[in-house]
Protein chains: 2
Amino acid sequence: MPDPASPRAAADSHGVTLADVAEAARVSLATASRVFSHPQLVRESTARRVHEAAERLSFRPNLLGAKLRAQQTRILGVMLPTLENAVFAECWRGIEQAAMAEGYSLMLVTSGYEAARERERVEYLLRHRVDGLVLTVADATRSAVLDQLDAEGVPYVLAYNQAAEHGSRHSVSVDNRTSACEGVQALIAAGHRRIAVVSGAFMASDRARQRYAGYEDAMRARGLQPAPPVNLPSHIASNAIHTGARIGELMGAPDAPTAFFCTNDLLAIGLISDLKRLGLRVPRDVSVLGYDGIALGTLVEPPLATVVQPNADIGTHAVRQLLTRLHAAGERAHATITLLPHALRVTGTVAPPPKTATPLL
Amino acid sequence: MPDPASPRAAADSHGVTLADVAEAARVSLATASRVFSHPQLVRESTARRVHEAAERLSFRPNLLGAKLRAQQTRILGVMLPTLENAVFAECWRGIEQAAMAEGYSLMLVTSGYEAARERERVEYLLRHRVDGLVLTVADATRSAVLDQLDAEGVPYVLAYNQAAEHGSRHSVSVDNRTSACEGVQALIAAGHRRIAVVSGAFMASDRARQRYAGYEDAMRARGLQPAPPVNLPSHIASNAIHTGARIGELMGAPDAPTAFFCTNDLLAIGLISDLKRLGLRVPRDVSVLGYDGIALGTLVEPPLATVVQPNADIGTHAVRQLLTRLHAAGERAHATITLLPHALRVTGTVAPPPKTATPLL
DNA sequence: GTGAAAGCGCTAACAT
DNA sequence: ATGTTAGCGCTTTCAC
């Protein structure tokens with residue numbers, strides 16, 4: 001029996017098109033297509049023939065063609081500040097899982113907290129005709145990117161950024177202010193009165209500001225004087241040199257704080273090292289409370305006390321909410337602000353303040 | 001003057017095609033296209049008209065059309081085990097930077113070290129017609145995914161996996177065995193003789209095995225007896241409960257190790273916590289050496305001693321090497337195995353062993 | 001149940 | 001320098 005219908009290279013799957021499969025299966029292109037997209041519309045025996053041919057030729061559908069035709073890509077764009085902060089890496093896990101479960105692909109870009117890069121990267125995603133976006137911007141209250149997205153009517157859901165209550169933006173986050181307030185209340189409950197706040201690039205981060213506001217709430221509620229935030233140049237305290245100096249200064253003062261509230265966990269871990277280098281013991285001499293609840297915090301000893309966000313869940317919910325929006329296209333449902341539950345993990349690096357009133361340094 | 005050429009909705013950029021721009025600029029579709037792809041082929045005044053029209057209509061090129069036509073997507077697929085290990089998050093930074101610099105986009109998927117997911121995710125990327133892949137597989141010595149990729153002739157470059165010397169695979173990594181050997185030699189030089197190895201999911205990771213081999217090399221070279229590896233269930237030591245028990249057992253023995261070599265930094269950080277919980281001080285009672293050189297290691301106190309890989313560089317080089325391969329299409333250049341320089345950071349958690357010969361626990 | 005044909009947005013011959 | 005046209009791989013009316 002002579003080789004029937006031998007279309008081009010059989011080994012190289014690249015280049016095998018649905019037309020080739022159709023030809024090999026002796027059906028029309030339309031039928032071959034239906035076998036994959038609407039199997040119920042085609043006779044079972046035909047379908048089998050097509051599948052066999054596809055198998056034999058190692059056919060791999062070219063999604064580009066389908067997407068171009070369909071006018072929707074089933075790709076979601078994701079923009080996160082960085083993956084080097086575990087918060088976002090954990091969130092990515094949730095995003096990926098949710099997207100895959102719904103048959104959506106992802107394009108990821110990182111902005112490095114830079115507004116210019118935010119614009120460029122989003123434009124990039126948009127050119128790829130992503131159906132929608134999940135993103136975390138440095139500051140949602142003044143974001144060129146979000147304004148543009150709004151103007152163009154591109155569907156997006158914010159993750160971590162907590163949308164303004166009466167605005168039109170969708171977001172998934174914890175309640176930054178309330179949760180931070182509760183964290184600081186726990187510090188106060190442990191006996192602390194002089195509590196400092198350490199933050200990274202304060203003015204550039206809406207969350208940092210919201211968490212600071214929570215700190216103020218907690219302090220004021222107890223008649224305590226909030227201290228201005230200690231702003232570190234980086235979000236991830238990589239240059240411990242400068243940080244150490246700032247902290248040393250602070251701890252040398254007569255009214256040195258007995259506890260620190262850091263606006264993220266990485267900052268807290270860096271701070272703890274700085275304190276140790278200064279000869280201070282955590283939590284015996286100074287307490288430290290973080291924010292984020294990254295897994296790493298439970299790996300260090302003592303375990304990092306922190307305000308825990310459900311990071312993977314934030315990703316999962318953001319994707320689900322975006323997909324809901326996409327599928328309910330047209331219906332101008334008003335802004336959905338999802339506040340996921342936070343938790344307090346007050347152990348390890350938080351303890352009552354030392355009895356001595358004298359400065360420790 | 002009446003509104004000249006008013007094509008569809010002006011505000012919604014979605015749906016504005018190059019044809020609309022061409023019409024508005026009163027040129028042909030081809031010319032409009034050339035303005036963007038080959039500007040030198042078109043008169044400047046014409047180009048300006050087209051740009052103006054594009055601007056006015058907020059035209060955004062649909063990359064899908066271009067890609068379909070071009071038969072290459074300029075998208076690179078990236079598969080990493082997880083982003084929750086900072087090693088890969090740092091690597092991603094290098095990958096993204098290199099890809100963007102060359103005008104390539106990225107699709108990222110994570111495999112969670114699972115072979116089944118590896119296959120599924122790669123298939124996914126292939127359907128998107130990525131031009132090539134940068135990936136880290138759990139075990140390159142027996143990988144269904146790589147076999148498939150080889151069979152289909154899909155261009156890829158391994159990152160972290162160190163390709164077999166006389167094989168046909170391209171890889172970018174450090175020399176795992178040699179670098180691990182040097183790390184352990186440093187431990188020996190510090191005076192340690194009883195050195196244990198802690199590894200995650202040993203048999204599933206080629207790198208863990210190579211690093212263990214390096215440990216054996218170092219031990220044997222000094223006439224010391226290598227101990228079998230302590231295999232932890234996870235790569236990222238999340239369940240400190242079991243780990244702690246194993247370690248306690250080990251440290252209670254009369255010939256307890258005085259130093260540990262961990263096959264990655266996260267494991268090392270978890271181990272240090274376990275040791276502290278056992279009442280042991282690091283490095284005074286026990287020394288710990290990690291492997292990876294993640295930024296986090298420098299944030300803890302004492303700073304983690306470790307074998308440093310240039311993580312971002314690994315990503316950058318992998319991308320560049322892949323692009324070189326893609327551009328040199330056809331020429332069957334033989335396998336390029338890039339070994340990037342590693343470094344030793346032997347401070348902080350490594351010190352000479354304690355003088356006492358009696359068990360510490 | 002199946003086939004023929006149009007078209008998604010773009011680029012690149014090929015003409016002029 | 002610019003226009004005409006074909007076609008990338010796929011899905012989907014619309015006929016039959």
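Just so we're on the same page: letters track the sequence lines, and every chain starts at 1. Note that the coordinates shown come from a computational prediction; the quantities given were computed from them, not determined experimentally. These values consider heavy atoms only, across backbone and side chains, with no hydrogens, waters or symmetry-generated copies.
Rounded to whole Å, the distance from NZ on K67(A) to P on dT12(D) is 13 Å. Rounded to an integer number of Å, the gap from Q40(B) CD to dT2(D) C1' is 14 Å. Rounded to a whole Å, the CG atom of L63(A) is 15 Å from the C1' atom of dC8(C). Atom CG in L64(B) sits about 21 Å away from atom P in dG7(D), given to the nearest Å. L18(B) places its CG atom 14 Å from the C1' atom of dG3(D), with the value rounded to the nearest Å. In this structure, CZ of R49(A) is placed 13 Å from C1' of dG3(C), rounded to the nearest angstrom. For the pair Q71(A) CD and dG9(C) P, the interatomic distance rounds to 4 Å; values are reported in whole Å. Residue L68(A) contributes atom CG, which lies 13 Å from atom C1' of dA6(C) at whole-angstrom precision.
Look at D147(A) and R169(A) and you find a salt bridge, because one of the NZ, NE, NH1 or NH2 atoms lies within 4.0 Å of a carboxylate O, short of that distance. D206(A) and R142(A) are not joined by a salt bridge, as no carboxylate oxygen comes within less than 4.0 angstrom of a charged side-chain nitrogen. Salt bridge status for E123(B) with R127(B): present, with a side-chain N to carboxylate O gap under 4.0 Å. Between E96(A) and R121(B) there is a salt bridge, with a side-chain nitrogen of the basic residue lying less than 4.0 Å from a carboxylate oxygen of the acidic one.
F36(B) pairs by the side chain to side chain contact (heavy atoms under 4.5 Å, CB included) definition with L18(B), V50(B), H51(B), A54(B), F59(B), not counting sequence neighbours.
Nearest-nucleotide positions on DNA chain D for S45(B) and A70(B) put S45(B) closer to the 5' end.
Closest approach to the T46(B) side chain among dA1(D), dT2(C), dA6(D) is made by dA1(D) (side chain taken as heavy atoms from C-beta onward).
Phosphate contact (OP1/OP2 of dC8(D), side-chain N/O of Q72(B), threshold under 4.0 Å): absent.
Within 4.0 Å of R43(B), counting heavy atoms only, lie sugar-phosphate atoms of the nucleic acid but no base atom. As judged by a 4.0 angstrom heavy-atom cut-off over every strand, L41(A) is placed among the base-contacting residues.
Q40(B) CD: more than 12 foreign heavy atoms inside a 6.0 Å radius.
Residues from residues 28-39 of chain B that place a heavy atom under 4.0 Å from any atom of DNA chain C, listed by number: L29(B), A30(B), S33(B), R34(B), S37(B), H38(B).
In this structure, the separation between CG on L63(A) and NZ on K67(B) is 13.5 Å, given to the nearest 0.5 Å.
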